[in-house]
Amino acid sequence: MATRDLRSDDPSTDPDADYDYTSDSVERPGLVDDLRERVDGDVRFDSYTRQLYATDASIYEALPVGVVFPTSTDDVAAVVSYCADRGIPVLPRGGGTSLAGQAVNEAVVLDFKHAMNGFVGFDPEAETARAQPGITLAALNDELAAHGLKYAPDPAWGDKSVLGGAIGNNSTGAHSLQYEKADGYLESAEVVLADGTVTTLGWVDTDDLDALADPDGDLEARIYADLRRLLDEEADRIRERFPDLKRNVSGYNYDRLLADAEAHGAVNAARLLAGSEGTLGIITEAEVSLEPVPAETAVAMLTYDDVRDAMQDVAPVLDHDPSAVEVMDDVFLDLARDTDEFADVVGLLPDGTDSTLLVEFYADSPAEARRRVADLLADRLPSATPAADPPGGTTTDAPVHAVDALEAYDDDRQAHFWKMRKAGLPILLSRTSDEKHYPYIEDTAIPADHLPAFVADFQAILDDLDTVASYYAHAGPGVLHVRPLVTLADEAGVAKMAEIADRVTDLVVEYGGAVSGEHGDGRARSQWNRKFYGEDLWASFRRTKAAFDPDWILNPGPVCGDAAGEIDMTDHLRVAPDDEFDAGFDPALNWDTENGFRGMTELCHGCAGCTGHQDTTGGVMCPTYRAANEETLSTRGRANMLRSAMNGHLPADPLDDEFLTEVLDLCVGCKGCKLDCPSGVDMAKLKTEVKHASHQADGVGVLDRLFGHTEALFHLGSALAPVSNWATALPGAGALAEKTLGIAAERDLPTFRRESLRAWFDARGGSRVPEAAAEHTVLLAPDPYTNYSTVAVGKAAVRVLEAAGVHVALPDGVGTSGRPAYSRGLIDRTRRIARENVAALAPKVADGWDVVYVEPSDAVMVQDDYHDLLSSAPAASVAANTYGVCEYLDRHGLDAAAGFDADGESLAYHGHCHQKAQQRDHHAVGVLRRAGYEVDPLDSTCCGMAGSFGYEAEHYSMSQAIADILADQVADSDADTVTAPGSSCRSQLSERDDVDTDGAPPHPVQKLADAL
């Protein structure tokens, strides 16, 4: 099934939507008009879009001329032809995950991920596949999984990076010990050349080159003439100067060309484009060969006291023929330990662990997988007791350096180890100080035997320049991601970066390595190719560039410079010494990070972790991006825009209506980025801060006041029930609400109960479990929904807690947690509410009571957001003793006492995004399973209702687009019933025609009550 073109059902096309993802400020409107006449895809030259595409995952920033979103090869050819006639540079771009700056330029950017992301076909006899350049590698492999095949190159960010980018960077990945780089799998490609010509490049016998080559012919003939020149004139230099490494991706791909000619008597011109970073031609469709998916895998995590010990072990580990060997040092592990997502994995390591080697094996059976790990441990850690008896296989004479080992055979445990390793760069860049572990000389490739000496000499350079670095990545093939800690905020830091790069390049040459073993040249390393390859090959690179691109319009700069000569790695830095940060307001929340609010604003470095799709990446982040496939809706997009508006790179005021509408208002505040972003960019908190500042400057709007005072509205609705319910059900009531209040007419408003939960509880005489007889005493805080609308859920919570032997009380003076006001940016009101609640709860907590909420967002408000509002010991104590209802049962082991006895009904569980962000979502699943239910926990994002967001007419279409993703997941589940703890989620699901809920879906605590 082809990847869906999300442009076809764009939420912004809804008449009520007040956004279009762009600004009103458009550069070069004449150029825009010309291109729109020539292409079917979208053309955007507005200031917001240009800033969004000014950065990638590197340290560089270059404002593009504009962005085109092509839908076909014809679109690409039209753009290139038009730009070639006018000397306008063109840059093909995929996922924007490049780390060396090759995906940013002062050019017309072609975004292939947006629409040209389809799977074209599969040839079972040839075991090849054809796909468009914008398909993610994960989506490509999903298409191939049923055939037992895969596209072998596997860069760490394969669920966000795309096929065209993998070819353009000549990517490989952690398993390059087993597989080749992207060039080895490229069989042919449909290519748009620099003059707009569309051709297919593939295999050509060397004997046939003369017939195709003509240095005075058309562009394609001149390209073949250059291939002939390389084979005839440069073969000896290529053999002499190109390193004998599988992982070299610097310069043009001459060594592959020569190797193919010598091995096959043929060359493949498409393979010369691999690693060319869009400077030679633009691939619009690629045919790639495939590899079989291994039957089984197993992982051993060896631990060491020092990274140099780990380096000493790489060569003997390689004798065991692993599929991958990855290293992580102390700097990496310390940062991972402080990251919510990986703290539990690092916590498994023995105390004092400085570094690790993650060693993976492929095998044909589970037994073989265990034997291979056992064989490794018998050699590298004889004191270990492996899960299988060692088969008496490979042994080495090398000294033992490992201290301990962890084994992983099940998929989940292996995936968690790999996830920590693959998040290396984002974890390292989670620092909010000016000093960061920037990538610029981070993927040198060194022969494994030379790694220990190289690391020692590299460390000497760092010591000499008074800095430190982290070492991690693909130790097996000799690729180390070494990221020195530097600042780019002053001239001295920039000079230090350049000196480190220069001296390390000399070191690489000395040890027979490669300047880039994975991430390419880009803006970071292109200037070193002259030193690395010598003047003759440097000149040859430029001749090849001129043959393919006579006017130097295709991504000029990377690999061999631009028309004027080599480029400087210190140009176009995203963070520069002359930058001045000015938020325009004083932050109102607590920002416990280095550099405070500014540090969080500048934290995103563009890794694109927020641009994965639900079916390949999972998790919560980022629901609006997943619904609309728009860069501005990703966490990266919003963070880049906010930072750029505050450091002067974007001429926009973040408090302006346009900026708020297009950039921040479509953030649903799901908090997913706080966990799913490995750097921990907290966009929900940033949005709240900016919304508050806008209220301070311009006042509070009607909807913000309305939804920020939910407690009063619900109290009134309950007091007037059932009349209030009749009124909202009258014909025309919805249209009137939309016209006067901006509430979507399609929405069902909450049903109010005349008897509130508090009134019911008082009428029954309080708790049925005497306080004196209870080991646990709970204050069940009645949030507005539970108290006035979903009273049945509150009653179920009381029944379940009491069945578990808990004495329950409803606290006086506590109503709303402040979540509605906080989500609308009403910080002053929220802080008052928080103080009142803490004042009411803290004395009881001090006496041993716990606080429980039925509504997940209210529980997380107290557990997490109160820290941002209040700095006091009582607030911290209340937060530490507050739970969601299922979390409380699970953490205190109370469900066994309740005596649940469900009948095995199957449940599809949609967890609340706020609880997922706090890693508290699994508690309900565990309790429901132990109660006797079969539970399918959906790996889902936000439901799209997001409190008041989905009620707003201008956001209704976006809310439904997000809900489409959840509805598909519910439909794909074999479960009988869907359950969700969030009232917003249940409301959203109940209104869907494509979800069978028979009314509102139950809260998990209701299913527990049913099982009593």
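Computed from a predicted model, the values in this text were never measured in an experiment. These values consider heavy atoms only, across backbone and side chains, with no hydrogens, waters or symmetry-generated copies.
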Answer yes if the side chains of [X] and [Y] hold a donor-acceptor pair under 3.5 Å, and no otherwise.
X	Y	answer
Ser823	Lys691	no
Thr751	Asn725	no
Gln988	Arg747	yes
Asp903	Tyr933	no
Ser724	Arg754	no
Thr777	Glu771	no
Gln614	Arg626	yes

Are more than 12 heavy atoms, taken from residues, nucleotides or ligands other than [X], located less than 6.0 Å from that residue's [atom1] atom?
X	atom1	result
His892	NE2	yes
Asp847	CG	yes
Arg758	CZ	yes
Asp586	CG	no
Glu775	CD	no
Asp828	CG	yes

Distance from [X] atom [atom1] to [Y] atom [atom2], nearest 0.5 Å?
X	Y	atom1	atom2	answer
Leu736	Leu730	CG	CG	10.5 Å
Ser987	Leu749	OG	CG	9.0 Å
Cys673	Lys685	SG	NZ	12.0 Å
Ser959	Met945	OG	CE	5.5 Å
Tyr822	Ser857	OH	OG	13.0 Å
Asp676	Thr617	CG	OG1	9.5 Å

What is the minimum heavy-atom distance between [X] and [Y], and which atoms define it?
X	Y	value
Glu905	Asp976	CG-OD2, 4.1 Å
Gln969	Leu938	O-CD2, 4.0 Å
His910	Cys942	CE1-C, 4.5 Å
Leu741	Leu703	O-CD2, 3.0 Å

With heavy-atom distances below 4.5 Å as the criterion, would you say the side chains of [X] and [Y] are in contact?
X	Y	result
Val860	Gln915	yes
Thr624	Arg638	yes
Ser940	Lys916	yes

When Leu928, Val925, Val927, Val793 are each screened for side-chain contact (heavy atoms from CB on, under 4.5 Å) with Pro1004, the one that passes is Leu928
Picking from Leu779, Asp850, Val851, what satisfies side-chain contact (heavy atoms from CB on, under 4.5 Å) with Asn881? Asp850
Decide, yes or no, whether a salt bridge links [X] with [Y] under the criterion of side-chain N to carboxylate O below 4.0 Å.
X	Y	value
Arg824	Glu952	yes
Arg920	Glu887	yes
Asp895	Arg930	yes
Glu802	Arg764	yes
Lys671	Asp864	yes
Asp865	Arg819	yes

I want to know whether [X] and [Y] have ring centres closer than 6.0 Å.
X	Y	result
Trp849	His776	no
Tyr883	Tyr888	yes
His692	Phe585	no

Short side-chain to backbone donor-acceptor contact, Arg753 and Tyr788, under 3.5 Å: no
Taking ring-ring contact (aromatic ring centres under 6.0 Å, His included) as the criterion, tell me which of Phe752, Tyr853, Phe714 meets it with Tyr785. Phe714
Under 30°, 30 to 60°, or over 60°: which ring-plane class applies to His912 and His914, parallel, tilted or perpendicular? perpendicular
Please work out which of the three classes, parallel, tilted or perpendicular, describes the rings of His955 and Phe949, given edges at 30° and 60°. parallel
